[in-house]
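Working notes, beginning with the structure itself.
The chains referred to below are lettered A, B, ... by the order of the sequence lines, with proteins before strands, and numbering in each begins at 1.
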There are 2 protein chains.
Amino acid sequence: MSEHTDAGRRPRTPRNTLSADLILDTALRLLDERGLDAFSMRALAEELGVGTMALYTYFRSKEELFCAARDRVFGSYAPPPLTAAPWHRQLREACLGLYQLFTGRPSVLQLLAEQHRAERPPEQGPAVGAVTTMEHMLSLMRGAGIGRQQAARAQTTLIQYTVGAALRAGRTPCGDAEQRRRFQARLESLSAEDFPLIVDLAPELAAAQESTAQYAFGLDLILAGLRTAGSWEAAGRDDGAPPAQSD
Amino acid sequence: MSEHTDAGRRPRTPRNTLSADLILDTALRLLDERGLDAFSMRALAEELGVGTMALYTYFRSKEELFCAARDRVFGSYAPPPLTAAPWHRQLREACLGLYQLFTGRPSVLQLLAEQHRAERPPEQGPAVGAVTTMEHMLSLMRGAGIGRQQAARAQTTLIQYTVGAALRAGRTPCGDAEQRRRFQARLESLSAEDFPLIVDLAPELAAAQESTAQYAFGLDLILAGLRTAGSWEAAGRDDGAPPAQSD
DNA sequence: ACCTGAACACCGTTCAAGT
DNA sequence: ACCTGAACACCGTTCAAGT
């Protein structure tokens, strides 16, 4: 050994090489590679070759570090540029872009899930970098003549659905056929007397677990609903779907 | 003291009073009262007045206990009975019932979120008790003449949206007006030049955070889309929403 | 079978101290 | 300001032992 007294392997990062950016990038890489459950402040510090407490010079807590990491990824995303295509087409592309951002980076998805279930900690609201996409979606809907309240509610619905679908898709990396087959087998093992339709539709239900096509299907339902919704405003309500107002 | 040598307060549950049911009920109560973050096997054991390891006689791990607790709640739920109302009305009621089940019991919501983000652990699939509701929804759609694949995909969309919306709603107990006002303030503090629509629609966007009305709005969009979807099958596709098939 | 207590290998974070 | 090591108050779970 050319080095003396190094028990493990830690004399890296001499003294001033640490930075918030380096910490965040390493954290995101660790999250992508090993998953949220394997992540810890101690493991991150070891990966960086510093003492655990060095991290607390840059972030007050693990929670704060996670928020910053999430914002870092969102900030690097931009919605597709405006084109001459019809508004619902462009809205579709924007949502698909968001969905791919989520499903393409497992780490972000896990951070979203984590913050989904925790109480709002500080003053953090929606992901900072997401506002550009929000503005883009709103401009498409307002430009199409959709009313103020409808546009706001539709925007919230689309975001909610996209995040929800991405979270669900997170479990199976891409199109895990093996897992779908087991799912189908479980459905088919149910009592055909009590659940005739589930048993009958087991192949279709299993196929619907595939993520991107399924997401696009639901997205298209929402967009189709939104397009017909325009007529309600002028034409007196259909029985199906007046936007409720009560609190 | 009539008792001798009791340091804390633990001589309860003499010897054979423990059971899986008692453990699950206590766990759900603890989850509802103190939240998932405050829950631990040690805390649950203390609440029951037994040693921590007593729990491991009934459940192999915390994960297994959580699955059982989730199934216990789902099992106690039944969808509204079939009526003469139009199918989309009944489908709406079924979804609203599910949504209220989720948002009404914070504990279940937290368990769902937890299992949402973890890798599928054993052979557990969809919540066991939920199959009755699934069957109910499928029968409504198939009865309305919706095709096999469309019904399967629509069913998945509705469940996905309902869970996603409930998860989001979980943060604010019911209609926390104070929180919405702060959300609105944050939106209004954005640059009016870069994000004119967000700033302009801040009141509407904040109002859309209210949970039940917002959920119903998105649900109605999906149902409206589903009703128009029927025409595509017979009539050659519109440009908006062919159910994708590729893998 | 049902339950216990000590122990193991972890956490996030505080705190006093070093440079 | 930037970083460290020891310590505190926790985890879930294993294991050998008791009834």
Side-chain angles (χ1 to χ4, degrees), chain A residues 3 5-24 26-27 30-31 34-69 110-111 114-115 117-119 121-122, chain B residues 3 5-24 26-27 30-31 34-69 110-111 114-115 117-119 121-122:
Chain A
E3 216 85 6
T5 62
D6 55 316
R9 166 218 313 167
R10 179 85 76 74
R12 269 197 288 169
T13 48
R15 184 77 189 178
N16 263 8
T17 46
L18 213 52
S19 72
D21 280 347
L22 179 62
I23 291 174
L24 290 180
T26 310
L30 236 50
L31 247 10
R34 315 219 270 254
L36 181 62
D37 287 330
F39 180 92
S40 73
M41 297 297 268
R42 288 167 136 103
L44 174 56
E46 174 146 354
E47 186 74 13
L48 285 161
V50 298
T52 306
M53 296 318 296
L55 305 174
Y56 286 83
T57 308
Y58 299 89
F59 302 97
R60 264 194 292 272
S61 68
K62 188 184 169 188
E63 189 81 38
E64 192 175 299
L65 190 151
F66 277 178
C67 281
Q110 289 172 312
L111 291 181
E114 185 70 8
Q115 280 150 332
R117 84 159 188 59
E119 319 290 316
Chain B
E3 216 84 9
T5 63
D6 54 317
R9 166 218 312 168
R10 178 85 75 75
R12 268 195 290 168
T13 48
R15 183 76 189 178
N16 262 8
T17 46
L18 214 53
S19 73
D21 280 347
L22 179 62
I23 291 174
L24 290 180
T26 310
L30 237 50
L31 247 10
R34 313 218 271 252
L36 180 62
D37 288 329
F39 180 92
S40 74
M41 297 298 267
R42 289 169 135 102
L44 174 57
E46 174 145 354
E47 186 74 12
L48 285 161
V50 298
T52 306
M53 296 318 297
L55 305 175
Y56 287 81
T57 308
Y58 298 89
F59 302 97
R60 264 194 292 274
S61 67
K62 188 184 167 188
E63 190 82 37
E64 192 176 299
L65 190 151
F66 277 178
C67 282
Q110 289 172 313
L111 291 181
E114 186 69 10
Q115 280 150 331
R117 82 162 190 57
E119 319 290 317

Requested in this report: From the options dT4(C), dG12(D), dC11(C), select the nucleotide whose nearest atom is closest to the side chain of Ser40(B).
Outcome: dG12(D)
Report task. Quickly work out the Glu46(A) CD to dC3(D) P distance and round it to whole Å. Result -> 17 Å
Query raised in the report: Do you know which two heavy atoms are closest between Ala54(B) and Leu18(B), and how far apart they sit?
Result: CB-CD2, 3.9 Å
Query raised in the report: Which of these nucleotides, dC2(D), dC3(C), dG12(C), is closest to any side-chain atom of Met41(A)?
Result: dG12(C)
Query raised in the report: Roughly how far, to the nearest 0.5 Å, is the CD atom of Glu64(B) from the CG atom of Leu55(B)?
Result: 12.0 Å
Query raised in the report: In whole Å, what is the span from the CG atom of Leu36(A) to the P atom of dC11(C)?
Result: 13 Å
Query raised in the report: Nearest-Å distance, CZ (Phe59(A)) to P (dC3(D))?
Result: 12 Å
**Report entry** Between dT13(D) (P) and Leu44(B) (CG): distance, integer Å
**Finding:** 12 Å
Query raised in the report: What integer distance in Å separates Arg42(B):CZ from dC11(C):P?
Result: 15 Å
**Report entry** Phosphate-side-chain proximity, Tyr56(B) and dT4(C), N/O vs OP1/OP2 below 4.0 Å
**Finding:** no
Report summary line: Rounded to whole Å, the CG-P distance (Leu48(B) to dC3(C)) equals 11 Å
Query raised in the report: Atom CG of Asp37(A) to atom P of dC11(C): distance rounded to whole Å?
Result: 12 Å
Requested in this report: List the steps and the verdict of side-chain contact (heavy atoms from CB on, under 4.5 Å) for Leu44(A) and Leu65(A).
Outcome: CA-CA 11 Å; Leu44(A) 174 56; Leu65(A) 190 151; 3.9 Å; yes
Query raised in the report: Across all strands shown, which nucleotide pairs with dT14(C) by Watson-Crick or G-U wobble geometry, both distances under 3.5 Å?
Result: dA6(D)
Requested in this report: Report the C-alpha distance between Phe39(A) and Leu111(A) in whole Å, list the side-chain angles of each, state the deciding distance to 0.1 Å, and finish with yes or no for side-chain contact (heavy atoms from CB on, under 4.5 Å).
Outcome: CA-CA 11 Å; Phe39(A) 180 92; Leu111(A) 291 181; over 6 Å; no
Query raised in the report: To the nearest Å, how far apart are Leu55(A) CG and dG5(D) P?
Result: 13 Å
Report task. Decide yes or no on side-chain contact (heavy atoms from CB on, under 4.5 Å) for Leu24(A) and Tyr58(A), but give the supporting numbers first. Result -> CA-CA 10 Å; Leu24(A) 290 180; Tyr58(A) 299 89; over 6 Å; no
Query raised in the report: The side chain of Lys62(B) lies closest to which of these nucleotides: dT4(D), dG12(D), dC3(C)?
Result: dG12(D)
Query raised in the report: With sugar-phosphate meaning primed atoms plus P, OP1 and OP2, does Thr57(A) contact a base, only sugar-phosphate, or nothing at under 4.0 Å between heavy atoms?
Result: base
**Report entry** Nearest-nucleotide comparison on DNA chain C, the residue closer to the 5′ end among Ala38(A) and Arg60(A)
**Finding:** Ala38(A)
Query raised in the report: Which nucleotide in the set dG5(C), dG12(D), dC3(C) lies at the smallest distance from any side-chain heavy atom of Met53(B)?
Result: dG5(C)
